[in-house]
Amino acid sequence: MSAWRSLWERWGKLPFEQLFAPAIRYAEEGFPVSPVTAMAWKRLEKVYLPLTAPEFQPFQEVFFPGDRAPQAGEIWGSIVHAETLREIASSGGESFYTGEIATKIANFAANTNGLITKSDLANHQADWVNPISTQYRHLRIWEIPPNTQGIATLMALNILENFEINKHSRESVESYHQQIEAMKLAFADVNKYVADPKFMNVTYEQLLNKNYAKKRQKIIKEKAISIAEPGIFKGGTVYLCAADENLMVSFIQSNYDNFGSGILVPGTGIALQNRASGFTLEPEHPNQLAPKKRPFHTIIPGFITKENEPLAAFGVMGGQMQPQGHLQVVINLADYNLNPQAALDAPRWRFMSDQQVILEANTPEFVAEGLSKKGHDVTITKTREIFGRGQIIWREKDTLIAASEPRADGLAIAW
């Protein structure tokens, strides 16, 4: 709520309460559930419905009425969501942190052995941060800084800058191999060093240093790296983008794994997130669980500029797939000159761990065979949603070009 309010205070033009009217109407009257969302909802019946502890019951009642997920095309709505949205709108968001909603959250936590208190909510604030970026070819790519994983995309791009990747066709073993290995090396560093920036012992500048990227690039050989080691230094998600003649917005928020914690505050519709699972319990790790500390985050809205002018807002949802999706979209735009929709439509790969790589089913067979020969442990799947869900708005002089992911329910709308 504080993020919504902060964005509105800086750039909003409409009255704050008016912004909530469409969402309140959909909550009260319901909306037809779209196909991909219905599939994900159905899949999660086996995750949430077996939970029998009292704290999970309100979540099940709201999101699984009749002990099942709603089907595609079925109308789903929630009166408690409408009431909560009205309370947020009329209070300017303050009710969530210091008012009636905060009391409900804190009381429910106290009654179910939870840890959230009214003082936790009252002490929260949204932070404005300076985005981080790197120059890749003719484009400058921007990401949110740690504690998010956006820096992984930039590090991988810095490594790939040292290859002439476009001398290979987009659907080639060499192009896939170089991208996967660069991402693998970036993740090794991110998993080792990235955390709440107040606790990191490595700076953004060190991680994004171009000379460091050249050293990492030399590790990439003809064969897949078996286990990527970090370099040694001294010292359920929703994405949307929107644009008009004055402003471009790249925006993302998430309850994290599946639909969040499975815990919903009764009478509010507010489902609590499970972002704390982004912490590690490894001793002395910068991302070790601790009070007043933010966990490693997966959510990363992206942005592109060219010669200091805004060019595109873009993003790809999907946990660990997000920086990998950003990387592939940028490569498609910068190295292969694909238009925004084609950049989203193109077949994708996903690095998992060690040498494990999953390829989308429409990837050419010879690419899968070639990667296997290079030592990658390749799996091909028809399950498209694991490869992310993205959107782009691209500004071409006075024209806005909108593109939306074929792997999701989203769409491009002009008004």
Side-chain angles (χ1 to χ4, degrees), residues 31-44 71-73 141 153 169-172 175-176 179-180 183 236-243 248-254 258 298-304 311-352 357-365 367-368 378-396 399-415:
F31 62 91
V33 177
S34 49
V36 175
T37 299
M39 287 171 56
W41 214 326
K42 176 68 176 177
R43 191 170 60 248
L44 293 173
Q71 299 173 355
I141 313 303
T153 300
S169 66
R170 210 213 82 89
E171 305 305 327
S172 67
S175 179
Y176 274 65
Q179 292 178 59
I180 292 166
M183 197 76 249
T237 302
V238 175
Y239 174 80
L240 64 89
C241 49
M248 299 182 79
V249 179
S250 184
F251 187 96
I252 196 166
Q253 65 181 55
S254 173
N258 294 323
T298 59
I299 50 177
I300 51 170
F303 207 87
I304 302 174
L311 185 64
F314 79 107
V316 178
M317 298 172 276
Q320 189 199 34
M321 184 62 204
Q322 290 187 53
Q324 304 188 59
H326 283 208
L327 177 79
Q328 292 172 69
V329 168
V330 171
I331 294 292
N332 291 341
L333 294 168
D335 288 299
Y336 295 111
N337 298 313
L338 299 187
N339 66 55
Q341 188 61 58
L344 290 176
D345 291 347
R348 288 189 187 147
W349 51 266
R350 178 168 179 168
F351 166 68
M352 301 302 290
V357 177
I358 302 177
L359 301 180
E360 214 165 4
N362 57 340
T363 305
E365 188 175 338
V367 171
V378 175
T379 301
I380 300 172
T381 181
K382 294 181 180 179
T383 307
R384 302 199 75 190
E385 58 263 31
I386 69 168
F387 295 100
R389 302 171 300 282
Q391 283 82 37
I392 302 174
I393 297 178
W394 183 281
R395 185 185 296 277
E396 193 70 37
T399 301
L400 294 175
I401 303 168
S404 188
E405 182 75 60
R407 300 165 186 85
D409 293 320
L411 69 163
I413 300 176
W415 76 98

ask   = So which heavy atom on Leu359 is nearest to which on Thr363, and how close?
value = CB-OG1, 3.9 Å
key: With sequence neighbours excluded, residues passing ring-ring contact (aromatic ring centres under 6.0 Å, His included) with Tyr239   = none
query = Do the side chains of Phe314 and Val330 get nearer than 4.5 Å, heavy atoms only?
reply = yes
key: Full working for side-chain contact (heavy atoms from CB on, under 4.5 Å) between Phe351 and Met321   = CA-CA 8 Å; Phe351 166 68; Met321 184 62 204; over 6 Å; no
inquiry  = Please determine whether side-chain contact (heavy atoms from CB on, under 4.5 Å) holds for the pair Arg350 and Gln320, giving the CA-CA distance in whole Å, both sets of side-chain angles, and the decisive distance to 0.1 Å.
reply    = CA-CA 9 Å; Arg350 178 168 179 168; Gln320 189 199 34; 3.8 Å; yes
ask   = Rounded to the nearest 0.5 Å, how far apart are CD1 of Ile358 and OG1 of Thr383?
value = 8.5 Å
key: Minimal non-hydrogen separation, Gly73 against Pro32, with atom names   = O-CB, 3.9 Å
inquiry  = As an exercise, state the distance from CG of Asp345 to CG of Asn362, rounded to the nearest 0.5 Å.
reply    = 9.5 Å
query = For the residue pair Ile393 and Cys241, what are the closest heavy atoms and their distance?
reply = CD1-O, 3.4 Å
Gap between atom NZ of Lys42 and atom CD of Gln71 - 0.5 Å precision = 7.5 Å
inquiry  = Strictly distance-based, threshold 3.5 Å: is any side-chain N or O of Thr298 a donor or acceptor partner for the main-chain N or O of Gly319?
reply    = no
request  = Start with the C-alpha gap between Met352 and Thr379, add the side-chain angles, then the distance that decides, and say whether side-chain contact (heavy atoms from CB on, under 4.5 Å) holds.
outcome  = CA-CA 11 Å; Met352 301 302 290; Thr379 301; over 6 Å; no
key: Backbone of Pro301 reached by a side-chain donor or acceptor of Ser250 within 3.5 Å   = no
remark   = CD1 of Ile141 to CG of Leu333, rounded to nearest 0.5 Å, is 8.0 Å
task = Write down the atom of Asn332, the atom of Ala343, and the distance for their closest heavy-atom approach.
result = ND2-O, 3.0 Å
ask   = Does His326 use its side chain to pair, donor to acceptor, with the backbone of Ile300 at less than 3.5 Å?
value = yes
key: From OH (Tyr336) to CD1 (Ile331), nearest 0.5 Å   = 7.5 Å
request  = Would you check if Arg384 and Pro406 make a side-chain contact, meaning some heavy-atom pair closer than 4.5 Å?
outcome  = yes
request  = Report the distance from atom CD1 of Ile401 to atom CG of Asn339, rounding to the nearest 0.5 Å.
outcome  = 7.5 Å
Minimum heavy-atom distance between Gln322 and Ile299, given as atom pair plus value = OE1-CA, 3.5 Å
ask   = Distance-only, no hydrogens or angles: does the Glu360 side chain make a donor-acceptor pair with backbone N or O of Arg348 under 3.5 Å?
value = yes
message = Between Gln328 (side chain only) and Trp349 (backbone N and O only), is there a donor and an acceptor less than 3.5 Å apart?
response = yes
Pair Phe387-Thr381, side-chain contact (heavy atoms from CB on, under 4.5 Å): steps then yes or no = CA-CA 10 Å; Phe387 295 100; Thr381 181; 3.6 Å; yes
message = A quick test of your reading: do over 12 heavy atoms of other residues, nucleotides or ligands sit less than 6.0 Å from CE of Met39?
response = no
key: Ala368 to Ile380 - nearest heavy-atom pair and separation   = CB-CD1, 3.8 Å
